[in-house]
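What you see below is based on every heavy atom in this structure, not just the backbone, and it leaves out hydrogens, waters and symmetry mates. Chain naming here is simple, since letters A, B, ... match the order of the sequence lines and numbering starts at 1 in each. For clarity, every value in this text was computed on a predicted model and none was experimentally measured.
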Amino acid sequence: MSTTTKTLPSSVLGPEISAAPDDHPFRREFRDWLAANSPARPEPLDQDEKFALRRAWQRTLFEGGWAGPAWPEEYGGRGAGPLHQFMYYEELALARAPYIANTPGISLLGPTLIQVGSEELKSRFLPVMLSAEEIFSQGFSEPNAGSDLAAIRARAKRDGDEWVIDGQKIWTTWAQYSDYCFVLCRTDPESERHRGLTLLICPVDQPGVTVRPIEQISGDPEFCEVFFDGARCPAEWAVGGVDDGWTTAMVLFQFERGDQGFTDHSRMLVRLHEIAATLREGAAAGSLDPAGAQQARLRLAGLWVRCQQLRRFNLRVAVRQESGEQIGMEGSVVNLFWGELEREIGELGSEVHGAAGLLLHTEPSHELLAARAGTIHSGTSEIQRNIIAERILGLPR
Amino acid sequence: MSTTTKTLPSSVLGPEISAAPDDHPFRREFRDWLAANSPARPEPLDQDEKFALRRAWQRTLFEGGWAGPAWPEEYGGRGAGPLHQFMYYEELALARAPYIANTPGISLLGPTLIQVGSEELKSRFLPVMLSAEEIFSQGFSEPNAGSDLAAIRARAKRDGDEWVIDGQKIWTTWAQYSDYCFVLCRTDPESERHRGLTLLICPVDQPGVTVRPIEQISGDPEFCEVFFDGARCPAEWAVGGVDDGWTTAMVLFQFERGDQGFTDHSRMLVRLHEIAATLREGAAAGSLDPAGAQQARLRLAGLWVRCQQLRRFNLRVAVRQESGEQIGMEGSVVNLFWGELEREIGELGSEVHGAAGLLLHTEPSHELLAARAGTIHSGTSEIQRNIIAERILGLPR
Amino acid sequence: MTTTVKLSSEQEEIRGVARSFLESRFPSDKVRDLMTTDDGFEQDAWTEIADLGWTAIAIPEERGGAGYTTIERCLLLEEMGRVLYSGPFLSSAVLAADALLLVADAELGAAALAAVADGSVRATLVAGGDLLGGPDPVGEVVATEAEGAWALSGDGGLVLDGLSAQQLIVAARTGGAGAGLFAVEPGAAGVERGNAPTIDETRRTATVRFEGAAATRLDRGERTEEALLEVLDRGAVAIAAEMVGGARRAIEMTVAYMEEREQFGGPIGRFQALKHRLADLHVSVDGAREAVYGAADAVESGAGDAVPMVVAAAKSSASDSYAHTTAEAVQLHGGIGFTEEHDIGLYYKRALVGVPTLGTPLTHRGRIAEALDA
Amino acid sequence: MTTTVKLSSEQEEIRGVARSFLESRFPSDKVRDLMTTDDGFEQDAWTEIADLGWTAIAIPEERGGAGYTTIERCLLLEEMGRVLYSGPFLSSAVLAADALLLVADAELGAAALAAVADGSVRATLVAGGDLLGGPDPVGEVVATEAEGAWALSGDGGLVLDGLSAQQLIVAARTGGAGAGLFAVEPGAAGVERGNAPTIDETRRTATVRFEGAAATRLDRGERTEEALLEVLDRGAVAIAAEMVGGARRAIEMTVAYMEEREQFGGPIGRFQALKHRLADLHVSVDGAREAVYGAADAVESGAGDAVPMVVAAAKSSASDSYAHTTAEAVQLHGGIGFTEEHDIGLYYKRALVGVPTLGTPLTHRGRIAEALDA
């Protein structure tokens, strides 16, 4: 892998887009700021170090006024519309900046609070979320409520001015670093499926909450089980209506393909740029045989094509949102497309290193394995296909 | 395409198989006979001419005692067991011999008659079937009973010493050339699904039978609709038990992956041999660019691998049948594998000719299009996958 | 903010007009009628298309055109692909028109361009060998000059509408590495044309050979080959748009069939394995469509070095997607799918011949690979 | 009639013994324990394996072996693949044993062969660069002779069980195009070994470099490279057998999971889209298995020129099938599938590292392509 850390030229991303041109003042301002402030180095493989770097980087962004640009200015953001976010993430990728620490907060809970949260919750949580002073994790999936999210069993009941939460969540990303977990619970014990749920913000550092990191095949304990055993949170920390958590969750899900979604194509194209460099070096050094190198180059070209398609999908989402359209089911197209592409990039990224691409605890093998999560979390590819077939194409259930 | 018509060396088929060795007396005898008798030229594209050639060729085989080798000697065959049949078809392919005309008769109805037919039916039909004096077609599928064969609606009722048949069959291969159609009919009007069916042999040349050839995308009118409108056949021309036609059909289906199945891999490997020659010529003449030729060579290698696998599948069927085992669901594996392979060979066989491979009414484009039938007739690939998943792997229905 | 990820209302209107015109003029039985005719097109429909201004759509107003762009032309082609439009739009109004616009000298090519733009002459482009897809954009035709007169010789390959075209616009080598663009009268001495239909009988092809055929030079030898590459790039985007239209229609037809066809007690569209395959097709075609309009955007905004790459992305993904979609559509139609009587097979064959036309996916990916390797 | 399409009763018995032995000695928790040890294997189990005669299984009786064939050895490896057997069987009892049997001179290699055959010495083969899969079967090690003594220098690449092996059997260039086979004591001066684990922690790998290490020559320089190719071919069939065993087990685990895991009110195994994917996996693994035993049959019957081709068929199809099957298995296990806690991920990683070991699918298909082009 190329270890140069300079900001890359925008041509790495493909043709200039006239709706988001290279010399757009927003791009220029952020690009200049990044050049002066980005750590611009590969994230460490060790997860604790990685998280620390991301936290520090988010702090830097925050101090520069560049954390959470999509948030309204009154909450510390820039009120950046979708197209500005699109440019924001492209510039981050070109600068090879790290990710931020508080993605579930900034991208999901924050916008949800802004839309449906009480004033108290907003003033209590939004500032610390933006600055990475307090970290948030998302507690939705359960062992028996994965693809079938409405099968949720975790329950919360009122006890005076508190909620008392019992149950188990799973696949909670980086819960071990989080101060709060936003938990979808069944608050009406008589309810079934989508009814009677509430979204609660629950402090993690209390006796009733146990976080068990689960090691992934990549070696990272990225996802966690979170056990709630009489865990407590204030009654007023319900986001949106009590017993109306499904509605709140739907508000939150619309942000899932929101700003974070705008970033994937550019990170991927930067990665392809690195893979091309590795390929050139390997072919020049003779560590890749000519036939293998040629096959790899053609695969790289195929992946580049798909990244360009993903870039257009993301641009389409941005432009349509900019003009006030809902995205809806189209998100499933992007999600399915992205997950499979991520995986194949991970595979090629390892293969161009030959056998060395499979050595334990190295960047290429780590990316190869970590990419397998993309077709499972945030809705499996299978669920996305169901949605596309039934809701977009209208095939019978 | 190479136009040489010499018999090919057995190495074209892959390694020598010790269970069916190159110098096996049966192989040698047939090989010598073929060298002296095979027309050994490409089949004509025109279907009428093709059928005439096949009919003549079957006649030649018959006269040499080589038509229907799997039939018992008493019915004019050689009592050749599965391994001998395996060798028989390999030798036919190496000699680039045409197919025979009466495949539905020789491979399906004949063996079924031998197993469950009355003496009268056997003596009436088997000799003329073998000699291609009379041609047989198979009337099973209906417009609404395709994959779901048990939904058959064609009905026959007794009228004195005759059956009177009404209904419509479809996908009847080469019915336009046939003298008899063996038709699966509902003979118990009260029956449903698999019960109350009977297999009848119905003369085609009568006012109550109308054959409408359906043109395929390949240009061939290979499949037909057959309309029965008060068509008549003698009462005793029921094959197997009356109202027990599903059982008879199951007997017949076991022959579907029988001897004809043994031939696929060898025909395909001969075809790959021709494709390799075309590739060499195209690369030498510069009509294929080097990168394209290299890709085609690698695809050819991948197809060769799969043909070797198919050869082993067929050998496995032969060896197991030879020791008296039933094949059963394994047939679905072979069928699925074969259909997809056939298609991809058709695609490569056209592509190696460049744009010329798509010219109308030429061998490569014809094979490209005709190969699309392989994943549909004799059970769609989808039905085969259902069978494999449910009956071999045991997944729930 | 101009990007085709969201069409303007004017573009939507163009598309709407195109759809209703094409659906009324090119229903399936009309397309099938045209398959049996000698020329494979209908002069009346062609005249109407010219009257609608489509033949001039991507020609700038200052050159006598309608002043829209290749983007709007892609919208027309996408709609044409949906109905398997049969006629010389691609050969004359795209390839020949672009060659006259971009390669020919403005003055030398003015008359021919005007005739192609108003539809009064149906032209075709001879370049790049078989189906304009060979490795050399110029192809194998050689031009020689003697006493101020040019003559062409050599194999022009398989040419779109090569028999019915009223004017041949021919790229040829002019000694060594030079290239020129020439006009040739199809009836002239030394022009041999032979009917050479492909399995796609909705589009006509012919072999064209020259043996000392008299030719009029249209370019002045400045950046001719470079401009020819631009023409072939635009042609690739155009046919890719057509392919996307066909692929989308194939999905619609398959969905409709799956809703209607019953097996095992209900519509086959309820079977999840089939649904998932349709979902994958939808994603693939959606992606190809974005690649096509992304390329059109890049062509129109003059995105420089990136243009050939995104053109290659458009043609390779549209080819792969159309071929795969129609193959799957045939399979999902079951027995009926591989009968000549059902339209789905016509789309499949259109796709198969489209794949090598203006460059195979492999050729295009090879170009991208080369650019990424630099 | 001898063909592995139907195993003999003796072969079935060998398989049965192997399965029960391996299932009892290498349950999942044992495999996981071994992942955390330095050497990655257990001496006791190795001794038992030797006592069962497995380490000598494919060595002819006249050379002191058990007198079975590589076919029976494939049966063992298939069973080993099922349980993710962790130990030096492939490196010592397959690769080193075959090198001593086929490349070494009978006399010069006798002692080393005997020690490998009875399991008293665990050896490994250094050849062909990283994971024995490079383009040159000999690899980059060079042997020089001085005063009757040989010394090796150069990079041996990534070597199976390179750290724990008690004997290194090394292929090296002997000036120009010549090749030789050498025995090297791993502890000798000039041998540098470094732990280099891959993501497959159930199999150990190490880097091995030589800097003038003293070596004993084992061959007489007659057809050394040719014989080495045979060794690598047999090794490729052996690991392919192991891969097929792993792939079959991955399918079984996935089927079991799909029967047990409930979502939307029933087992996910009832979803047709998932069933069809399992069906395709079954066919792919079934085909790979036939390719493996077809190659073993060809090796044993001395099928001549066809042998390298069917070996390439075996390794390429087993690699593709195992990698694809385990990737699908991980996906079909959902979230649990990509946790380190679930065994399915171990199979996936075993597959990924197996792919380049003894030659990638592309390398092998390249060989077939070359043979078909001749």
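Within the 4.5 angstrom heavy-atom criterion, no atom of Glu340(A) approaches chain C. Using a 4.5 Å cut-off between heavy atoms, Glu390(A) touches chain C through its side chain atoms alone. Residue contact with chain A, scored on non-hydrogen atoms closer than 4.5 Å, is absent for Phe271(C). For chain C, no part of Leu279(A) is nearby; none of its heavy atoms comes within less than 4.5 Å. In this structure, no portion of Leu272(A) lies under 4.5 Å from any heavy atom of chain C. The contact between Ala374(C) and chain A is made entirely by backbone atoms, counting heavy-atom distances below 4.5 Å. Contact annotation for Ala303(C): only side-chain heavy atoms (C-beta onward) come within less than 4.5 Å of a heavy atom of chain A.
Chosen from Ala306(C), Pro267(C), Ala279(C), the residue pairing most often with chain A at heavy-atom distances under 4.5 Å is Ala279(C). Contact tally against chain A (heavy-atom pairs below 4.5 Å) for Ala298(C), Ala291(C), Gly294(C), Ser301(C): the top residue is Gly294(C). Here Ala301(A) is the residue among Ala301(A), Gly302(A), Ala389(A) with the most heavy-atom pairs under 4.5 Å with chain C. Counting heavy-atom pairs closer than 4.5 Å to chain A, the top-ranked of the candidates Val255(C), Asp280(C), Val310(C) is Asp280(C). Residue with the most contacts toward chain C among Leu393(A), Leu300(A), Val12(A): Leu393(A) (heavy-atom pairs, distance under 4.5 Å). Comparing Ile251(C), Thr4(C), Val5(C), Asp320(C) by heavy-atom pairs within less than 4.5 Å of chain A, the highest count is held by Val5(C).
Classification of Lys6(C) and Glu325(A) as a salt-bridged pair holds, one side-chain N sitting under 4.0 Å from a carboxylate O. Using a 4.0 Å cut-off between charged nitrogen and carboxylate oxygen, Asp286(C) and Arg312(A) do not count as a salt-bridge pair.
Heavy atoms of other residues, nucleotides or ligands lying less than 6.0 angstrom from CG of Asp305(C) number 12 at most. The number of heavy atoms from other shown groups lying within 6.0 Å of CD (Glu252(C)) is above 12. Other residues, nucleotides and ligands contribute only 12 or fewer heavy atoms inside 6.0 Å of the OH atom of Tyr68(C).
Only one option out of His282(C), Arg277(C), His276(C) pairs with Arg385(A) in a side-chain contact (heavy atoms from CB on, under 4.5 Å); it is His276(C). Among Arg311(A), Gln308(A), Arg316(A), Gln309(A), the one residue that satisfies the side chain to side chain donor-acceptor pair (under 3.5 Å) test with Glu290(C) is Arg316(A).
For the atom pair CG of Asp297(C) and OG of Ser18(A), the computed distance is 6.0 Å after rounding to the nearest 0.5 Å. Rounding to the nearest 0.5 Å gives a distance of 12.0 Å between CD1 of Ile392(A) and CG of Leu278(C). With rounding to the nearest 0.5 angstrom, the CD atom of Gln272(C) is 11.5 Å from the CG atom of Leu395(A). Atom CZ of Arg365(C) sits about 13.0 Å away from atom CH2 of Trp304(A), to the nearest 0.5 Å. Note that CG of Leu298(A) is 6.0 Å distant from CG of Leu362(C), once rounded to the nearest 0.5 Å.
Between Leu372(C) and Ala276(A), the closest heavy-atom pair is O-CB, 3.8 Å. Of all heavy-atom pairs spanning Ala19(A) and Thr3(C), the tightest one is CB-CG2, 3.6 Å.
A donor-acceptor distance shorter than 3.5 angstrom exists from the side chain of Lys275(C) to the backbone of Pro396(A), with no hydrogens or angles considered.
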